[in-house]
Visitor: 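Take this structure first; my questions come after.
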Amino acid sequence: MSLVTTISGNKIAFFSTQPYDKAFFNQYNDGFELDFFETQLNSQTVILIENTAVVCVFVNDIVNEAVIKQLAEKGVKIIALRCAGFNNVDLEAAKQYNLKVCRVPAYSPQAVAEHAMAMILTLNRKTHKAYNRVREQNFSLNGLLGFDLFGKTVGIIGTGNIGKAFAKIALGFGCKVLAYDIVTNDEMIKDGVEFVSLETIFKSSNIISLHCPLNAQTKHVVNKDSIASMKDNVMIINTSRGGLIETASVIEGLKEGKIGYLGIDVYEQEEKLFFRDLSADIIQDDAIQRLMSFPNVLVTAHQAFFTNEALTQIALVTFNNIKSLLTENDIENKAALLV
Ligand code: NAD
């Protein structure tokens with residue numbers, strides 16, 4: 001039976017919305033009534049949903065069993081993620097309460113891969129410092145020394161859409177590219193990527209870039225032991241999910257000088273910080289404050305996806321997913337349908 005027969009109205013409730021979400025979803029809307037809430041979805045905010053079969057959520061919305069039960073009681077049938085990662089949704093609970101869950105599997109892998117490379121180049125060549133210096137008429141080069149990327153070994157963990165795009169960029173720079181994934185990719189091997197064990201990635205890479213999803217196997221893949229096995233002065237880049245890194249161990253590694261550079265676009269406790277202007281607030285999270293105090297750490301606030309092309313694709317694919325589920329109870333692109 002089509003879901004459309006069971007819904008009332010044709011409204012989508014969006015949570016954690018920013019002005020750019022409203023702009024892109026309004027631009028590509030094709031007949032839905034859109035309800036935008038700035039607040040995060042959690043067990044307190046479910047109450048905002050009225051007469052809605054579809055909720056649209058983002059990376060830091062809380063979609064655990066308790067929230068899913070409340071959504072089901074409110075008549076919600078579809079949880080549409082407007083992102084690729086889905087670690088914040090309890091898929092088992094969604095199945096149990098008969099809710100469909102969809103996502104946008106590959107809206108612009110290049111957006112994230114290019115941001116990972118931007119972080120590498122910034123940390124290495126210190127263009128952020130050079131920009132400020134020159135504006136102060138300080139034309140000295142002291143402290144700006146970098147290294148050639150050409151010939152360096154880059155280790156990639158997770159070679160899905162983003163990892164694959166990032167490998168191409170690193171190969172383009174003349175790097176030796178090693179990769180670890182639970183499945184190997186023949187096309188990448190043909191391009192010159194060498195698939196190796198996780199231990200070899202840690203042991204042999206000058207730069208390690210994380211592109212696997214956060215799950216029980218990958219949680220804290222960068223931890224005290226893995227850091228100890230890495231090369232001295234290693235650069236670690238995380239544009240995937242904060243939980244891949246054990247923050248306390250990385251802080252230790254930076255203090256000891258074992259980790260030479262850290263670039264993070266994601267942070268384990270980011271839901272209390274990111275996507276907000278907290279410039280007048282006292283930040284209570286001491287770990288992020290410590291991280292931001294290191295001169296060799298670059299933090300961006302989950303912006304790797306943030307390009308015009310990506311936001312266009314996110315809006316188009318999300319509407320398509322919802323339409324397909326409402327009319328056919330299915331989505332042609334199997335990677336988009338989680339439950
Ligand atoms: P994808 O599903 O195409 O690829 C993920 C890859 O990780 C797959 O090849 C899979 O086999 C591999 N993998 C799964 N478990 C693994 C394990 N235990 N060890 C090693 N590899 C494993 O996903 P994608 O589109 O490439 O996205 C990767 C991640 O990037 C997402 O899960 C999401 O968390 C993150 N992301 C971040 C942003 C951002 O703005 N910072 C944007 C989009 C996605």
Side-chain angles (χ1 to χ4, degrees), residues 1-18 20-43 45-108 161 213 305 309-339:
M1 182 180 57
S2 135
L3 280 179
V4 80
T5 55
T6 64
I7 62 157
S8 39
N10 123 34
K11 193 156 64 165
I12 307 173
F14 289 76
F15 284 85
S16 299
T17 51
Q18 296 287 341
Y20 45 83
D21 293 310
K22 290 185 198 166
F24 278 84
F25 278 96
N26 278 328
Q27 184 178 347
Y28 294 102
N29 184 18
D30 182 14
F32 286 99
E33 186 188 333
L34 311 182
D35 243 358
F36 292 110
F37 299 110
E38 282 177 27
T39 181
Q40 178 197 54
L41 176 65
N42 57 42
S43 51
T45 58
V46 179
I47 198 163
L48 293 167
I49 297 170
E50 268 178 11
N51 207 20
T52 308
V54 188
V55 293
C56 183
V57 297
F58 196 49
V59 294
N60 292 325
D61 286 301
I62 296 174
V63 201
N64 57 19
E65 188 181 356
V67 171
I68 287 172
K69 180 171 182 282
Q70 290 172 281
L71 290 174
E73 283 164 5
K74 286 223 155 229
V76 170
K77 304 284 178 207
I78 298 170
I79 300 167
L81 285 145
R82 54 180 190 278
C83 53
F86 51 89
N87 50 288
N88 54 331
V89 182
D90 185 335
L91 297 181
E92 276 310 310
K95 217 180 282 174
Q96 192 190 327
Y97 287 96
N98 217 7
L99 265 75
K100 292 276 177 195
V101 183
C102 58
R103 64 169 180 147
V104 188
Y107 46 83
S108 172
N161 294 303
F305 73 101
E309 290 79 359
L311 292 193
T312 301
Q313 270 306 105
I314 287 172
L316 289 172
V317 175
T318 303
F319 281 132
N320 245 335
N321 286 345
I322 293 169
K323 268 188 206 153
S324 303
L325 283 176
L326 287 174
T327 53
E328 288 148 41
N329 206 5
D330 201 1
I331 303 177
E332 206 180 318
N333 177 3
K334 292 301 161 218
L337 186 60
L338 298 168
V339 174

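Predicted model only: the values in this text are computed from it and were never measured.
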Visitor: Spell out, as yes or no, whether a donor-acceptor pair under 3.5 Å connects the side chain of Asp90 to the backbone of Ala66.
Guide: no

Visitor: Using side chain to side chain contact (heavy atoms under 4.5 Å, CB included) as the criterion, list what pairs up with Ser43, not counting sequence neighbours.
Guide: Val67, Gln70

Visitor: Could you tell me the separation between the OG atom of Ser108 and the CG atom of Asn161, rounded to the nearest 0.5 Å?
Guide: 10.5 Å

Visitor: Given side chains that start at C-beta, do those of Arg82 and Thr17 come closer than 4.5 Å, heavy atoms only?
Guide: yes

Visitor: Quick one: do Ile322 and Phe32 satisfy side-chain contact (heavy atoms from CB on, under 4.5 Å)? Show the steps, please.
Guide: CA-CA 10 Å; Ile322 293 169; Phe32 286 99; 3.9 Å; yes

Visitor: Which heavy atom of Ala84 sits nearest a heavy atom of Tyr107, and at what distance?
Guide: N-CE2, 3.9 Å

Visitor: With heavy-atom distances below 4.5 Å as the criterion, would you say the side chains of Ile331 and Leu325 are in contact?
Guide: yes

Visitor: Can you name the residues that form a salt bridge (charged side-chain N to carboxylate O under 4.0 Å, His left out) with Glu332, not counting sequence neighbours?
Guide: none

Visitor: Between Asn26 and Phe36, is any pair of side-chain heavy atoms under 4.5 Å apart?
Guide: yes

Visitor: Decide side-chain contact (heavy atoms from CB on, under 4.5 Å) for Phe15 and Thr45; before the verdict, give the C-alpha distance in whole Å, the side-chain angles of both, and the deciding distance to 0.1 Å.
Guide: CA-CA 9 Å; Phe15 284 85; Thr45 58; 4.1 Å; yes

Visitor: For Val339 and Leu99, which heavy atoms make the closest approach, and how far apart are they?
Guide: CG1-O, 3.5 Å

Visitor: Would you say Gln96 has more than 12 foreign heavy atoms packed within less than 6.0 Å of its CD?
Guide: yes

Visitor: For Glu38, look at atom CD and say whether over 12 heavy atoms of other residues, nucleotides or ligands are found less than 6.0 Å away.
Guide: no

Visitor: Shortest non-hydrogen contact from Asp21 to Ser16?
Guide: OD2-O, 3.7 Å

Visitor: Could you check whether Lys69 pairs with Glu65 (Lys NZ or Arg NE/NH1/NH2 to Asp/Glu carboxylate O, under 4.0 Å)?
Guide: no

Visitor: Return yes if some donor-acceptor pair links the side-chain N/O of Thr52 with the main-chain N/O of Lys11 below 3.5 Å, else return no.
Guide: no

Visitor: I'd like to check Glu50 versus Asp35 (side-chain heavy atoms, cut-off strictly below 4.5 Å). Are they in contact?
Guide: no

Visitor: Decide yes or no for Leu81 and Leu338: does some side-chain heavy atom of the first lie under 4.5 Å from some side-chain heavy atom of the second?
Guide: yes

Visitor: Rounded to the nearest 0.5 Å, how far apart are CZ of Phe319 and CG of Leu34?
Guide: 5.0 Å

Visitor: Output the distance between atom CG (Asn10) and atom CG (Asn51), rounded to the nearest 0.5 Å.
Guide: 11.0 Å

Visitor: Looking at Phe14 versus Phe25, is the centre-to-centre ring distance below 6.0 Å?
Guide: yes

Visitor: To the nearest 0.5 Å, what is the distance between CD1 on Ile12 and CD1 on Ile78?
Guide: 8.5 Å

Visitor: Does the side chain of Val63 come within less than 4.5 Å of Ile68's, by heavy atoms?
Guide: yes

Visitor: Is Leu311 close to Phe305 at the side-chain level, that is, under 4.5 Å between some pair of heavy atoms?
Guide: yes

Visitor: So which atom in Asn88 and which in Val59 form the shortest heavy-atom distance, rounded to 0.1 Å?
Guide: ND2-O, 3.1 Å

Visitor: Look up atom CZ in Arg103 and atom CG in Leu337, then write down how far apart they are to the nearest 0.5 Å.
Guide: 10.0 Å

Visitor: Please report the interatomic distance CZ(Phe24) to CD(Gln313), rounded to the nearest 0.5 Å.
Guide: 11.5 Å

Visitor: What is the minimum heavy-atom distance between Asn42 and Gln40, and which atoms define it?
Guide: ND2-OE1, 3.0 Å

Visitor: Answer whether the closest heavy-atom distance between the side chains of Val55 and Phe37 falls below 4.5 Å.
Guide: no

